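Read the structure below first, then the notes.
Computed from a predicted structure; not experimentally measured.
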Amino acid sequence: MPKIIVNNKEVEFEEGMTVLQACELAGEEIPRFCYHERLSIAGNCRMCLVEMEKSSKPIASCAMPAVDGMKIKTNTPFVDKARKGVMEFLLANHPLDCPVCDQGGECDLQDQSLFYGLDNSRYTENKRKVKEKYMGPLIKTIMTRCIHCTRCIRFATEVAGIPELGAVGRGEDTEITTYLEKSMESELSANVIDLCPVGALTSKPYAFESRPWDLKKTETIDVMDAVGSNIRVDTYGWEVKRVLPRVNEDINEEWISDKTRYACDGLLKQRLDTPYIRRDGRLQKASWSQALKLLISKIKSFHPNEIAGLVGDLTDLEMIYSFKLFLEKCVGSKNLECRQDRIYINPEERMNYIFNSSINGIEESDFILLVGTNPRLEATILNARIRKAYVKNKIKIYSIGDPGDLTYPYNNIGSSTSIIRNIVSGKHEIYTKIKKSKKPIIIIGESALYGKTGKYVFEELKNFLFNNNFIKKNWNSLNILTQHASRVGAIDVGAYLIDEKENFSFFDKLDNDDFKFVYLLGADNISFEKKDKFIVYQGSHGDKGAEIADIILPGAAYTEKNGLFVNLEGRCQSAYKASYPPGEAREDWIIFKDLANMMQKPLGYNNVQNLKEIIDKIIQSKINNEISKTNKVDFVEGNILVKPIDYYYTNSIARSSKVMSECRQISKKFLFTGIEKAS
């Protein structure tokens with residue numbers, strides 16, 4: 001390997017590294033504003049200047065390729081003077097309004113000026129003034145603070161894949177703006193706030209809310225989709241003030257979606273904080289004792305086969321498994337389902353319902369086929385990985401079904417299930433492309449698994465991959481793109497009702513009014529006729545499920561309890577308690593424990609640790625019990641239509657969020673404008 005000498009210390013580096021990266025290998029910290037390891041090199045802030053032997057001028061280390069035998073110095077008076085000169089220019093037009101800046105305490109410019117700033121100014125000219133730009137309801141702009149690092153422009157173009165930011169003007173008149181000054185349309189847009197090294201782009205909903213040192217920081221997991229992005233929740237007292245990304249190279253790198261970041265204000269709105277009982281057609285407040293006693297008496301009045309339970313999208317494993325135990329041990333019913341619509345699942349082995357290639361593995365693929373999915377809206381962070389793989393490897397991407405704009409080019413090859421039949425039989429050009437590829441990825445979305453065609457789509461594609469040796473230990477091309485945070489974990493612990501011949505027996509019984517008592521555990525996205533059914537709703541928000549309930553039991557939101565979540569690739573992660581439930585609301589597993597004790601039928605665990613140990617054994621047994629099976633299936637004629645998603649309103653927390661409501665209104669406005677122009 002080539003070697004470079006940094007401050008008289010010899011280090012080895014990889015071919016293609018820059019001087020800045022080589023210096024960091026040597027343990028030297030180089031100041032920078034424009035450079036970011038996940039973005040292309042711009043080299044326009046000049047803060048990273050270093051001294052190179054035989055060079056009369058300092059060099060920008062972020063843009064200079066490292067060469068074998070180079071001698072670099074980073075701490076000489078020559079370098080110090082150069083960096084101070086750059087900082088003086090950067091501060092010449094900066095408003096120096098740190099006391100009222102939301103970036104205060106987390107600002108790169110503040111940190112660097114501490115070391116390289118001067119205590120006086122040599123400039124007598126007026127500072128420039130730049131008018132504020134409109135970038136939508138999420139991003140607040142104070143563009144006078146901008147130092148033209150162009151991180152935001154490069155992120156929008158390269159990572160988000162929607163080039164909606166750019167620079168206009170030259171020299172001192174340069175301004176960063178959105179084209180036509182409209183709202184940013186990317187679902188990743190607010191990541192520019194984290195990237196901005198000064199206070200030019202800050203969070204509009206968080207403006208003037210608090211200072212970073214006032215907040216309690218809790219590292220946890222996001223539940224807005226099934227990706228399981230690693231996040232940090234910042235709270236002030238009970239209130240969640242903001243959500244920020246945590247670095248996890250295997251899942252979300254250091255990005256999060258706008259919904260993950262800003263739906264948190266929905267945790268404060270429409271909360272259930274006390275039990276309710278419906279009397280005389282109206283919901284009235286009740287005590288826990290009254291609500292639980294009525295619930296138990298109603299359970300006893302129905303036959304176990306008439307009682308059903310439905311698991312919602314944001315439920316953790318402790319909730320789901322304690323609910324399952326309650327129904328089986330205390331009620332005597334096995335009518336439990338985690339799906340809220342007719343999505344085909346095959347729980348025989350774990351690979352049948354997870355993303356086997358892994359999120360990180362997308363970058364290794366050389367061919368991608370999307371089947372009935374819109375990853376941009378279903379799993380925004382995963383979509384960013386697909387774009388990264390496209391940019392990095394120039395791979396070909398094909399789609400069965402029309403998902404719309406995905407931020408990267410793809411070929412739509414139709415929507416009929418006959419295309420799948422032609423592919424697996426070798427009569428379609430895609431057959432040859434898959435066979436020639438070394439690491440193909442087939443991503444099957446929930447739209448493709450919906451209804452009668454779902455079984456054919458899944459089983460036929462799995463058989464094809466298995467027979468062509470694309471399902472093996474070191475690479476599995478079969479991937480299911482789940483939309484909900486609870487789905488994979490719920491299937492792991494057996495929260496589904498499937499007969500030998502019928503995959504949708506739960507929904508058939510629900511439609512036929514076989515269930516007279518329905519227990520909704522945070523399930524808000526199912527629609528059915530209530531008729532004479534008795535409905536119990538247990539959850540955190542007064543949403544769709546609570547509207548039709550006869551008994552409401554207030555539970556805790558995902559930031560208010562410790563919980564386990566299994567993401568779409570089968571990775572089990574822990575979410576941690578950042579806040580606490582409001583009013584009389586309780587953690588959900590405790591509610592089931594209390595119910596079971598009142599019925600004198602204990603569930604077999606004393607505390608949450610016991611419960612987690614039981615769940616962990618179940619998941620481990622699922623992981624260790626992988627035996628590849630194939631099922632023969634008959635052809636089913638039909639179309640694979642990518643179902644539309646109301647992106648900003650996918651769950652009860654998002655629907656309660658004022659910020660998500662504003663984003664939804666703007667996105668619909670632009671959609672309508674686009675349709676109007678097209679017509």
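- Under 3.5 Å, the side chains of N7 and E28 contain a donor-acceptor pair of N or O atoms.
- A 4.5 Å side-chain heavy-atom check between P245 and R261 finds at least one atom pair inside the cut-off.
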request  = Show the numbers, then the answer: is there a salt bridge (Lys or Arg N to Asp or Glu O under 4.0 Å) between K259 and E187?
outcome  = CA-CA 8 Å; K259 184 163 60 174; E187 294 78 22; over 6 Å; no
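- Not a single salt bridge (charged side-chain N to carboxylate O under 4.0 Å, His left out) links D313 to another residue, sequence neighbours left out.
- Sorted by first then second residue, the side chain to side chain donor-acceptor pair (under 3.5 Å) pairs that include residues 157-172, not counting sequence neighbours, are S40-E158.
- E378 has its side chain within reach of T373: a pair of non-hydrogen atoms, C-beta onward, lies under 4.5 Å apart.
- Salt-bridge annotation for R128 and E125: absent, with no side-chain N of the basic residue lying under 4.0 Å from a carboxylate O of the acidic one.
- A heavy-atom distance below 4.5 Å is found between the side chains of M660 and Y262.
- Looking at residues two or more places apart in sequence or on another chain, you find a salt bridge (charged side-chain N to carboxylate O under 4.0 Å, His left out) between R242 and E106, D234.
- Two residues are said to be in side-chain contact when any heavy atoms from C-beta on lie closer than 4.5 Å; Y558 and I653 meet this criterion.
- In this structure, I221 and R246 have side chains that are in contact, with non-hydrogen atoms separated by less than 4.5 Å.
- Judged by distance alone, the side chains of T76 and E51 do bring a donor and an acceptor atom under 3.5 Å apart.
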